[in-house]
Amino acid sequence: MEKDHQLHDVEKTGVPVAISALGIEADSRLETSPDQKSTATSRNPSLDEDQHEHDQIQDLEALSTIQSSGPPYSVFSKSQKRFIVFLVAWGGFFSPLSANIYFPALNTLAREMHVSNSLINLTLTSYMIFQGLAPTIFGDLADMAGRRPAYAIGLILYVGACIGLALQNSFAALFILRCLQSSGSSSTIALGNGVVADIATSSERGTWMGYATSGPMIAPAVGPVIGGLLAQFLGWRSIFWFLVIMSAAYMIPFFICFPETARNVVGNGSIPPQGWNMSLLNWLETRKAKKAEGQLTPTVSRDESRAAQAELASKRKLRFPNPLGTLHVMFEKDVGLLLLFNSLVYTAFYDVIASVPYLFEQIYGFNDLQIGLSFIPFGFGALCAPLTCGRLMDWNYRRLAKKAGVTIDRKRGDDLKKIPIERARIQVAIPLVYLGNAALLCYGWVVEVETSLAVPLVLHFIMGIGLSGAFNCMSVLLVDFYPLSPATATAANNLARCLLGAAGTAIIQIMIDSMGRGWCFTFIAAVVFCTSPILLVLMRWGPGWRESRRKRLEDSQASSTRP
């Protein structure tokens with residue numbers, strides 16, 4: 001009781017509480033107090049030192065026995081989490097927005113650059129390739145050094161590339177700067193998922209991830225709307241100046257307010273980061289804490305805070321980011337299968353978007369502005385999907401946890417060894433996959449017979465809900481597989497989906513011309529349908545593969561800590 005009062009007093013004063021490096025859900029290596037040891041021994045006299053040592057070994061799947069006196073998984077308040085996730089969603093908006101915002105201006109660019117439409121389309125394909133490659137470096141950097149440094153480097157590179165794109169006059173410059181633009185902006189998606197994993201437990205991760213991915217999911221649909229308006233009335237250069245202004249506006253609250261959340265840097269948020277990881281507010285709070293040093297309690301002092309900070313720093317090995325870590329993740333059985341199917345769903349989603357300018361100009365005679373406005377139903381469906389699916393995933397998580405006899409602890413985290421997390425996510429994804437795929441099949445034949453515009457737009461809305469919702473569910477599951485390296489895991493997702501999506505974008509027009517509209521989209525729907533049993537495989541054998549990986553990583557951690 002006295003300890004609880006001390007912790008409460010410290011939290012009231014706003015002094016960082018250095019009580020845990022990673023929190024219970026992400027790290028179970030917590031020191032057991034003498035009182036707890038004596039209590040445990042009194043309950044079970046046969047408990048020996050070996051058992052104590054075994055209980056303290058780190059569980060890399062985030063699962064220890066939850067104690068009421070343990071530290072919270074995250075010290076960030078709900079309002080702070082909302083602000084953090086808002087900035088995450090805003091940051092994740094840039095990469096897919098930049099990929100699609102100049103769709104309506106492609107024909108104009110081809111004429112001004114004196115190149116063919118095929119060469120201009122290469123700027124789309126190259127963008128997606130770098131959209132997949134860059135996060136393998138930024139994800140490893142973020143998991144190693146923290147989220148803020150990776151964000152800052154990516155944003156600076158992105159703004160510089162956008163300025164260059166607005167000023168350039170040649171195809172070579174356009175091509176190279178688009179690659180740089182993609183490299184800078186694509187980091188935000190992987191980093192955003194990592195931030196959510198830092199601050200949200202598994203039981204509430206679906207909802208928070210839904211909010212965080214709302215920006216990346218609606219951007220492919222609303223980007224052409226914005227691009228069409230700008231290109232029609234202000235010219236194609238205004239598209240890139242718009243991106244410069246928007247990203248500069250984002251950097252203001254980011255550098256002032258966005259806190260470091262990486263658990264290997266700040267633990268559960270209670271340990272102050274290094275100076276170069278601090279936001280302006282963090283720096284001001286640290287200065288205030290220094291002045292109030294004489295008011296610290298005997299239990300939690302500035303020395304303890306420094307010791308906890310030094311302990312985390314000793315575990316981090318700053319090095320050049322290694323993209324091979326992402327490839328290692330991809331070769332895990334469950335992760336590899338999940339990435340394969342998720343990439344196919346994303347490619348189907350993106351093939352529809354990429355073909356809209358071509359098809360709607362051919363069928364309905366639309367100009368750039370009309371093509372941009374036709375993406376609104378797709379964007380609205382893509383916006384509704386992650387917000388709705390996140391709540392459904394959390395509801396299903398609670399239902400399965402109750403069925404497994406696990407009491408959910410939103411504050412400190414849950415024991416995922418006892419919860420079939422694969423079912424919690426995939427049971428929500430399966431109906432969405434088939435809904436979106438059925439709409440995709442119908443869409444092919446609707447554009448084949450050239451029906452009224454209302455029909456394909458309604459199908460766009462359904463595909464926006466179904467395909468993007470399923471993609472979101474599977475992306476959350478991927479983060480659940482790797483709670484300690486969420487940015488690296490998401491980078492693997494980006495690499496797989498963007499490379500496959502780039503290939504799909506490069507050949508979609510060729511497929512439509514050679515196979516016909518109806519059979520082209522029928523083929524894409526058939527591929528998704530025939531590979532959908534992967535989800536059933538993951539529900540059946542996924543928990544065993546995940547447990548095997550957990551034990552392997554646990555044994556590796558134990559051997560590395562032995563003297």
* **Steps toward ring pair (Phe, Tyr, Trp, His ring centres under 6.0 Å) verdict (Tyr250, Phe93)** => CA-CA 11 Å; Tyr250 175 79; Phe93 188 69; over 10 Å; no
* What closest approach, in Å, do Glu448 and Gly516 show between heavy atoms, and which atom pair accounts for it? ->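 Looks like OE1-C, 4.0 Å.
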* Taking all atoms of both residues into account, what is the closest heavy-atom pair of Val225 and Leu373, and its distance? ->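 Heavy atoms of Val225 and Leu373 come nearest at CG1-CD2, 4.0 Å.
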* Asked: Judged by modelled atom types alone, do Asp513 and Tyr358 share a side-chain donor-acceptor pair under 3.5 Å?
  ->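 Indeed, the side chains of Asp513 and Tyr358 share at least one donor-acceptor pair under 3.5 Å.
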Check: [X] ring centroid to [Y] ring centroid under 6.0 Å:
X      : Y      : value
Trp236 : Trp241 : no
Tyr151 : Tyr158 : no
Phe171 : His114 : no

* **Check ion pair Arg237-Glu112 (N to O, under 4.0 angstrom)** =>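 Looking at Glu112 together with Arg237, the answer is no, because their closest N to O distance does not fall below 4.0 Å.
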* Asked: Among all residues two or more places apart in sequence or in another chain, which pass the salt bridge (Lys or Arg N to Asp or Glu O under 4.0 Å) test with Glu450?
  ->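 With sequence neighbours excluded, Glu450 shows a salt bridge (Lys or Arg N to Asp or Glu O under 4.0 Å) to Arg517, given in chain and number order.
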* Just by modelled atom types, is the Ser95 backbone N or O under 3.5 Å from a matching donor or acceptor in the Tyr127 side chain? ->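 Looks like yes, one N/O pair under 3.5 Å.
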* Relative to each other, are the rings of Phe360 and Tyr364 parallel, tilted or perpendicular (30° and 60° limits)? ->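 Ring orientation, 0 to 90° scale: perpendicular.
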* Would you call the rings of Phe461 and Phe380 parallel, tilted or perpendicular, where under 30° means parallel and over 60° means perpendicular? ->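 Rings of Phe461 and Phe380: parallel, as their planes differ by under 30°.
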* To do: Check whether more than 12 heavy atoms from other residues, nucleotides or ligands sit under 6.0 Å from atom CZ of Phe529, and answer yes or no.
  =>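 12 or below, so no.
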* Are more than 12 heavy atoms from other residues, nucleotides or ligands located less than 6.0 Å from atom CZ of Phe523? ->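 Result for CZ/Phe523: open.
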* To do: Using the six-membered ring of Phe471, assess whether NZ or CZ of Arg497 lies under 6.0 Å from its centre and within 45 degrees of the ring axis.
  =>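 That pair does not qualify as a cation-pi contact.
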